[in-house]
Each structure stands twice: as C-alpha cells, then as structure tokens.
Number of protein chains: 2
Amino acid sequence: MPGTSLDFSARLRAAGLRPTRQRVALARLLFAGGHRHVTAEALHAEVKASRMPVSLATVYNSLNQFRDAGLLCEVVVAPGRSYFDTNIGHHHHFFIEPDGELHDFPSDKVTIAGLPAPPKGTRLARVDVIVRVRR
Amino acid sequence: MPGTSLDFSARLRAAGLRPTRQRVALARLLFAGGHRHVTAEALHAEVKASRMPVSLATVYNSLNQFRDAGLLCEVVVAPGRSYFDTNIGHHHHFFIEPDGELHDFPSDKVTIAGLPAPPKGTRLARVDVIVRVRR
DNA sequence: CAAGGAGTTTAGAATTATTCTAAACACTGC
DNA sequence: GCAGTGTTTAGAATAATTCTAAACTCCTTG
C-alpha cells in the first residue's frame with residue numbers, strides 16, 4: 001500500500017529526521033504525487049487545509065531540513081522568491097518572468113562545456129541554470 | 001579628464017535618467033573603477049561615507065532604475081541576497097557558498113548546448129548560470 | 001510500558017530586505 | 001528665474017524568514 005504514513009516515516013528516518021506528525025504530513029504533500037515546486041507560504045496554506053495543520057515556522061524549518069537532507073532542492077529566482085523543488089535529479093529550470101512560474105527540464109540533453117575550474121581551495125557543489133523567458 | 005561628473009551625467013542621460021546629484025554619486029561609485037558586485041546595503045554604506053550621502057531608499061530606487069535601464073544586472077544567489085553587477089557583458093558567476101562571495105567569469109568559452117525551446121508563447125530573455133562552490 | 005531527556009513544535013516577536021508614502025526638494029524647459 | 005514634473009527623503013509599511021522560550025512528543029532506557 002504505497003502512500004501510507006509508514007513510507008514517509010521510513011523515508012524521513014533514512015534521511016536522519018525524526019518522523020514527527022508534522023514532518024510526515026508535509027512529506028506526504030510534497031512527495032506523494034509527481035514532482036512539485038512550492039513556496040513555504042503555499043505549502044503552509046495547503047497543510048493548513050488538512051486535518052493536521054502545521055505552523056508556518058515548522059513549514060520553514062522542515063523545508064530547510066528536507067533540503068539539507070537532500071530530499072529537496074531550493075531554487076531562488078528573484079529577491080524574496082524561492083521555490084522548493086521535489087525533483088532532486090539533475091535538471092534545470094525555466095522561469096517565466098511575469099507570472100513567476102517555474103518549470104523543470106531534464107539536464108540529460110543539456111551540456112555545458114568550457115566552465116572554468118573552481119577558484120583555488122574550493123570544489124564544485126552545483127551548477128544552476130535558470131532560463132528566463134518572457135511572454 | 002575621465003571620471004568627472006560630466007561623464008556620468010551624460011551616461012545617465014543616455015539611459016533616460018535625469019542626472020541628479022544622488023544618481024551621479026552612485027554612478028561614480030559603481031562605474032568609475034573596474035567591474036563591481038554590490039548589495040544595496042553595501043553601496044549605501046559606501047555613499048554614506050562620501051561627501052554626498054544618499055538615503056537607502058534612493059539607493060534601492062537607483063539600483064533598480066540602473067538595472068531596468070541596462071546599466072547593471074541583478075544576480076540573486078540566495079533568499080534575501082541579491083547582488084548588482086556592473087558587468088553587463090555576457091558572463092556567468094561563481095558563488096562561494098560559505099562566505100557569499102560572487103565572482104564573474106566570461107561566457108565566451110562556455111557553451112550551453114541542448115537547451116529545450118522556450119515554452120509556447122514565450123521568448124528567451126536570459127540564461128543565468130551560477131556555479132556554486134564550497135571550501 | 002512508564003519515565004525522562006533530547007529533539008520538535010508553536011505563537012508571536014524579531015530580523016532582514018525591500019518598497020511605499022507623502023512632503024520637501026531639485027532638475028529642466030521656457 | 002519660475003513653474004512643473006520628476007526625484008529624494010525619513011520613516012512607516014510590507015514581505016519573507018528566523019528566532020525565542022515555553023509546551024509538547026518521540027524514542028530509549030530501565
């Protein structure tokens with residue numbers, strides 16, 4: 001029976017996070033369906049409508065913890081506008097400027113050549129590509 | 001005599017902006033030397049130390065106007081952290097994660113192949129590449 | 001399976017970054 | 001110079017996020 005709390009509990013535990021009721025509720029919203037892009041506010045609104053409401057502070061805490069644990073990644077597209085993306089595979093983003101919509105596209109067809117070496121004493125963490133488009 | 005207010009006045013006027021004392025002071029700080037990456041707060045601190053202090057609101061206004069006029073570009077690296085970059089040529093960025101330093105690198109050696117076409121009804125505005133590195 | 005401690009959650013305050021407001025001011029064309 | 005529109009300003013307002021400290025809950029141990 002997929003989609004039960006047990007799945008999410010196990011997944012949280014595997015990530016080193018205690019499976020509290022709140023975190024399980026958020027994980028279900030985030031990971032039950034396909035990939036999602038959510039803001040903290042939007043997720044808070046969603047969970048508030050559920051049987052297990054969660055405070056905004058906890059939504060922020062959990063999203064940050066999920067990100068640090070590698071369950072999510074964060075995409076900052078504009079000052080004061082950041083999305084959490086449940087797709088953690090290699091991929092990049094389209095950002096549709098007037099409305100602020102964000103769409104994934106897979107990175108397997110994309111090749112980036114000629115990047116300079118990281119500055120001395122640093123190692124590569126991630127390459128973000130944001131393709132900004134307008135109507 | 002390069003670097004006089006007149007140069008900056010002309011440049012602002014050419015961009016469709018009235019060359020007020022405040023905007024000229026900011027333009028001098030931004031464009032007199034080589035390329036720079038500044039936050040609004042940092043630029044405000046700089047200009048406050050000068051003979052022609054400028055309010056923080058004006059620093060924000062001016063940076064936004066300069067960006068809209070194409071004199072600057074804005075790079076958002078983390079929630080609540082955005083830099084204004086006086087380099088408006090094609091280029092990309094290194095972001096050094098723990099300290100928040102930002103460095104340019106030219107895009108002439110970099111090629112990005114295989115990007116999907118923009119979604120229907122949109123056209124490409126800009127491609128941002130941020131290479132995130134850690135110590 | 002009860003108890004206790006560490007880790008979590010919460011409401012609300014605090015912080016940070018940025019924008020707004022309305023009154024005072026200054027650049028430009030006449 | 002004068003007027004009129006655009007600009008600047010201090011301070012308040014807004015928005016996104018984090019902090020605080022008290023209450024709570026998960027998990028381990030006995």
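Order of the sequence lines sets the chain letters (A, B, ...), proteins ahead of strands, with each chain counted from 1. Because the structure is a prediction, the values reported are computed rather than measured. Because only heavy atoms are used, hydrogens play no part in the values below, and waters and symmetry mates are left out as well, while side chains stay in.
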How would you list, by chain and number, every residue that makes a side chain to side chain contact (heavy atoms under 4.5 Å, CB included) with B:Ala25, sequence neighbours excluded? B:Val47, B:Met52
Measure from CZ on B:Phe66 to C1' on D:dT7 and round the result to the nearest Å. 12 Å
To the nearest Å, give me how far apart CG (A:Leu12) and P (D:dT25) are. 18 Å
For C:dT9, take OP1 and OP2 only and decide whether either is under 4.0 Å from a side-chain N or O of A:Thr20. yes
Residues that, via side-chain heavy atoms closer than 4.5 angstrom, fall in one hydrophobic cluster with B:Val76: A:Val76
Just jot down the salt bridge (Lys or Arg N to Asp or Glu O under 4.0 Å) partners of A:Arg51, sequence neighbours excluded, or say none. none
Sequence neighbours excluded, every pair satisfying side-chain hydrogen bond (donor to acceptor under 3.5 Å, both in side chains) that has a member inside residues 70-89 of chain B: B:His37-B:Asp85, B:Arg67-B:Glu74, B:Glu74-B:Ser82, B:Asp85-B:His91, B:Asp85-B:His93, B:Asn87-B:Asp104
Residues two or more places apart in sequence or in another chain: which of them pass ring pair (Phe, Tyr, Trp, His ring centres under 6.0 Å) with B:Phe94? B:Phe105
Distance check needed: C:dG7 P versus A:Gln22 CD, whole Å only. 17 Å
Does B:Thr58 have a side-chain nitrogen or oxygen under 4.0 Å from the phosphate oxygens OP1 or OP2 of D:dT9? yes
Dump the pairs, protein N or O against N or O of nucleotides 12-19 of chain C, anything under 3.5 Å, distances to one decimal.
{"residue": "C:dT18", "atom": "OP2", "partner": "B:Tyr60", "partner atom": "OH", "Å": "2.6"}
{"residue": "C:dT18", "atom": "O5'", "partner": "B:Tyr60", "partner atom": "OH", "Å": "3.4"}
{"residue": "C:dT19", "atom": "OP2", "partner": "B:Asn64", "partner atom": "ND2", "Å": "3.2"}

Taking salt bridge (Lys or Arg N to Asp or Glu O under 4.0 Å) as the definition, give me every residue that meets it alongside A:Arg134, ordered by chain and number, with sequence neighbours left out. A:Glu97
Charged N-O contact under 4.0 Å between A:Arg28 and A:Glu46: no
N/O to N/O distances under 3.5 Å, protein versus nucleotides 3-6 of chain C:
none

Starting from P on C:dG7, measure out to CZ on A:Arg13 and report it in whole angstrom. 15 Å
Mind checking what makes salt bridge (Lys or Arg N to Asp or Glu O under 4.0 Å) contact with A:Arg126, not counting sequence neighbours? A:Asp128
When the distance from CZ of B:Arg23 to C1' of D:dT7 is rounded to whole Å, what number comes out? 7 Å
Taking only residues two or more places apart in sequence or in another chain, which ones pass salt bridge (Lys or Arg N to Asp or Glu O under 4.0 Å) with A:Arg21? none
d(CD, B:Gln65; C1', C:dC27) in whole Å: 14 Å
Determine whether A:Val131 and A:Val133 make a side-chain contact, defined as any pair of heavy atoms from C-beta on separated by less than 4.5 Å. yes
Whole-Å distance, B:Asp68 CG to D:dG6 C1', equals 16 Å
As a check of understanding: the bend across the helix from C:dC1-D:dG30 to C:dC30-D:dG1, end axes from five pairs, rounded to 10 degrees, works out to 30°
Pairs touching residues 43-66 of chain B that satisfy ring-ring contact (aromatic ring centres under 6.0 Å, His included), sequence neighbours left out: none
